[in-house]
Structure formats: structure tokens, C-alpha cells
Amino acid sequence: VPMRFAFRRRELLVTDTGTLPETLDGLNVVRTQYLGAQRGVHCISAELSPDAQAPAGHRFSGLRQLFGRVDPTLLAIAGRAVQIVEWDRTHQFCGACGEPTLLSATENSRSCPDCKMPMYPRLSPAMIVAVERGDQLLLARSPHFPPGIFSMLAGFVEPGESAEEAVIREVYEETRLVVHDVRYFGSQPWPFPNSLMLGFIAQYKSGEIDVEHDELEAAGWYEVANLPRTFPGNVSISQWLLQDYVRRRS
């Protein structure tokens, strides 16, 4: 029996107990995609109609709301699935000439039969950085964070720059601080909406904090003993970076 990851836009259909539905019978399935196999079990994503209603005993949920509530492996596959569903839905026609596109039989790609332009699922690299100044860590809060929550600086990599260059640029743009000694920490796929988060640790070089208020509400230096409120849990690379800092400073 395949694992079925069915989405109404970006909401996943799950049972009330946080498992996948056993069947999609009775639902208006617009199109499906094959995701591969997980331990010998085939995985399929499905796009449901925008007005789809959850059957009895089921509900639609955003993936963020499922963190810590469903199996991490299932959630990781769901993160891949929602990006494939969205890419397939939004690339039914060629962006250059308007012709209907064709799905490849061998890989996740579509192509235009007329101008031959290939179309692959979109992936947007982004950086997140733990900026350290001795025993202090730079944390900031964005206007869209929950009240009182602080986290690390992050942003998208722009065309023509490396991830390390993006770290230096983003930190300076948002705080007017100059950093150096940018070192890679790790990465995490992040389907909100289609990012690959690249984590770094950087060292403070110079400057005083001057917050760009269209990006941040506040920023400051914190030691382990006086950390502000941060996002709870252990599901994101921002939390892994913070836990690594605390471990090394404790």
C-alpha cells in the first residue's frame, strides 16, 4: 500500500491521530506525482481541488502545525511532496510560449514540446547564521515572529553570490555589523515555501547594531545566561545552531 501525501493547496490531509489517509477515494484528485520509495514503500503526492473537504476522521493541516506531532520521516517526505505538488500545478504551461508542458517519464521535470525549455522543481537557497562575539550571540526578532520570540539572521542567496557572501551581506544589511570567518554548519530542507537552509557560524568583526526597521524590530547580543525567548523544540536549523552555541559555551 503506497503512502499518500494529499494536499489542498499547501495543507496536508491527515487523520485525527496524525497519520496519512489509507485511501483517497471520494476526493477530487486533480493530479498525482510519484515521489520514490521509502524502505520499499512507494510514496505518492496528490493535488486535491481547492474546495476539497476532509472526510470524517481526517483534517487538513499546514506542515508547520505538524512539527513534533507526526513522525519526522513522514514530515520530511511531506515537505518534499508539497514542493513537487506546487511545482507541477504551476508549470502546466510553458512560461515562454504558453504551450501545455509534458511531464518527463524518467525524472521530476516538465518540458515544452515547442521551445524545448526544461522546467525543474524550484529550489531557493537561503542562509541562516549564528554570529558570535566572544561569549555573546547575536539574536534578533522579525515583525512576523510570535510576540517576544528571537532567532538568528537569515535571508535568501542572491544571483551571483556564494552562500558565504550572502551571510556577510545579510548581516550588514539588517544590522550594519561586519562579520568574517564564515564557516559552514549544516543544512536543512525547508518547504516554506521551497528553501534549502544553509547554516553558518560567523565571527563579529566590527560595527554597532543599527537595526533596519523594515526587516527587524530589535537585535542584540546575548550570553547563555540571559538568552531571550526563542522558538521551542528541536526541528529547525535555527534551533540546532542555538543548541550548538549553548553546548560550546556551557
Side-chain angles (χ1 to χ4, degrees), residues 3 5 7 10-12 14-20 35 38-39 43 59-83 123-133 135-157 163 166-167 170-171 174 179 182-203 216-250:
M3 299 173 66
F5 296 82
F7 288 89
R10 297 186 66 86
E11 294 181 311
L12 179 66
V14 293
T15 67
D16 289 339
T17 57
T19 60
L20 295 176
L35 302 172
Q38 170 68 19
R39 296 180 179 177
C43 301
R59 59 189 171 89
F60 285 103
S61 177
L63 296 187
R64 287 182 188 271
Q65 286 67 49
L66 295 177
F67 277 123
R69 299 182 181 181
V70 302
D71 178 77
T73 299
L74 184 150
L75 196 58
I77 301 173
R80 169 177 168 79
V82 70
Q83 294 177 78
L123 188 63
S124 302
M127 47 64 54
I128 184 167
V129 59
V131 178
E132 301 180 354
R133 185 177 69 175
D135 288 336
Q136 296 178 315
L137 180 70
L138 178 66
L139 294 173
R141 62 168 281 104
S142 171
H144 69 267
F145 284 178
I149 293 290
F150 280 69
S151 188
M152 298 174 191
L153 300 184
F156 287 103
V157 180
V167 168
E170 280 285 347
V171 172
E174 296 190 4
V179 298
V182 180
R183 299 186 181 184
Y184 179 71
F185 173 83
S187 65
Q188 180 186 26
W190 194 246
F192 306 108
N194 43 38
S195 300
L196 175 63
M197 297 299 298
L198 306 171
F200 293 88
I201 298 172
Q203 302 302 315
L216 300 176
E217 285 186 345
W221 295 105
Y222 297 90
E223 297 179 355
V224 170
N226 72 333
L227 289 173
R229 288 178 58 204
T230 56
F231 287 102
N234 185 35
V235 298
S236 72
I237 195 168
S238 66
Q239 294 160 339
W240 306 338
L241 280 164
L242 180 60
Q243 291 164 6
D244 174 74
Y245 163 78
V246 171
R247 178 184 56 80
R248 289 185 287 107
R249 295 295 187 267
S250 299

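From a predicted model like this one, the values you see are computed outputs, not experimental measurements.
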Kindly indicate, with the supporting measurements, whether the criterion side chain to side chain contact (heavy atoms under 4.5 Å, CB included) is fulfilled by Met152 and Ile128. CA-CA 7 Å; Met152 298 174 191; Ile128 184 167; 4.1 Å; yes

Can you list the steps and then say if Phe200 with Tyr184 is a ring-ring contact (aromatic ring centres under 6.0 Å, His included)? CA-CA 5 Å; Phe200 293 88; Tyr184 179 71; 5.8 Å; yes

Leu137 and Leu242: side chain to side chain contact (heavy atoms under 4.5 Å, CB included), yes or no, with the steps? CA-CA 9 Å; Leu137 180 70; Leu242 180 60; 3.7 Å; yes

What verdict does the side chain to side chain contact (heavy atoms under 4.5 Å, CB included) test give for Val14 and Arg59, after you've listed the backbone C-alpha separation in whole Å, the side-chain angles of each residue and the deciding distance to 0.1 Å? CA-CA 6 Å; Val14 293; Arg59 59 189 171 89; 4.0 Å; yes

Begin from the C-alpha positions of Val82 and Leu12 and carry the test side chain to side chain contact (heavy atoms under 4.5 Å, CB included) through to its verdict. CA-CA 8 Å; Val82 70; Leu12 179 66; over 6 Å; no

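The list of salt bridge (charged side-chain N to carboxylate O under 4.0 Å, His left out) pairs with a residue in residues 224-250, not counting sequence neighbours, reads Glu132-Arg248, Glu132-Arg249, Asp135-Arg249, Asp244-Arg247, Asp244-Arg248.
Between the side chain of Gln188 and the backbone N or O of Val235, at least one donor-acceptor pair lies under 3.5 Å. No donor-acceptor distance shorter than 3.5 angstrom exists from the side chain of Arg80 to the backbone of Pro189, with no hydrogens or angles considered. With hydrogens and angles ignored, the 3.5 Å screen pairs a side-chain donor or acceptor of Gln239 with a backbone N or O of Phe231. Not one N or O on the side chain of Thr19 forms a donor-acceptor pair closer than 3.5 Å with the backbone of Thr15. The backbone N or O of Pro146 lies less than 3.5 Å from a partner atom in the side chain of Arg141, making a donor-acceptor pair. Listed for the Gln136 side chain is no donor-acceptor partner under 3.5 Å among the backbone atoms of Trp221.
Annotation: side chain of Leu74 is not in contact with side chain of Leu66 (no heavy-atom distance under 4.5 Å). Counting only heavy atoms from C-beta outward, the side chains of Val167 and Leu198 never approach each other to under 4.5 Å. The closest side-chain heavy-atom distance from Gln243 to Val246 is not below 4.5 Å. Within the 4.5 Å cutoff, side-chain heavy atoms of Leu123 are placed close to those of Gln83. By the 4.5 Å heavy-atom criterion applied to side chains, Gln38 and Ile77 are counted as neighbours. The closest side-chain heavy-atom distance from Leu63 to Phe7 is below 4.5 Å.
Between Leu227 and Leu139, the closest heavy-atom pair is CD2-CD1, 4.0 Å. Leu241 approaches Gly199 most closely through the heavy-atom pair CD1-CA, 4.4 Å. The minimum heavy-atom distance between Pro191 and Gly79, with the atom names listed, is CB-O, 3.5 Å. Of all heavy-atom pairs spanning Gly18 and Val70, the tightest one is O-CG1, 3.3 Å. Nearest heavy atom pair, residue Ser124 against residue Phe156, reads CB-CE2, 3.9 Å.
To the nearest 0.5 Å, atoms CZ (Arg133) and CD (Gln203) are separated by 12.0 Å. In this structure, CG on Leu216 lies 4.5 Å from CD on Glu174, to the nearest 0.5 angstrom. In this structure, the separation between OH on Tyr245 and CD on Glu223 is 6.5 Å, given to the nearest 0.5 Å.
Under the ring pair (Phe, Tyr, Trp, His ring centres under 6.0 Å) criterion, Tyr222 pairs with Phe150, sequence neighbours left out.
Of the options Pro228, Ser238, Ser236, Ser142, a side-chain contact (heavy atoms from CB on, under 4.5 Å) to Ser151 is made by Ser238 and by none of the others.
Phe67 and Trp190 have parallel rings, their planes meeting at less than 30° on a 0 to 90° scale where 60° marks the start of perpendicular.
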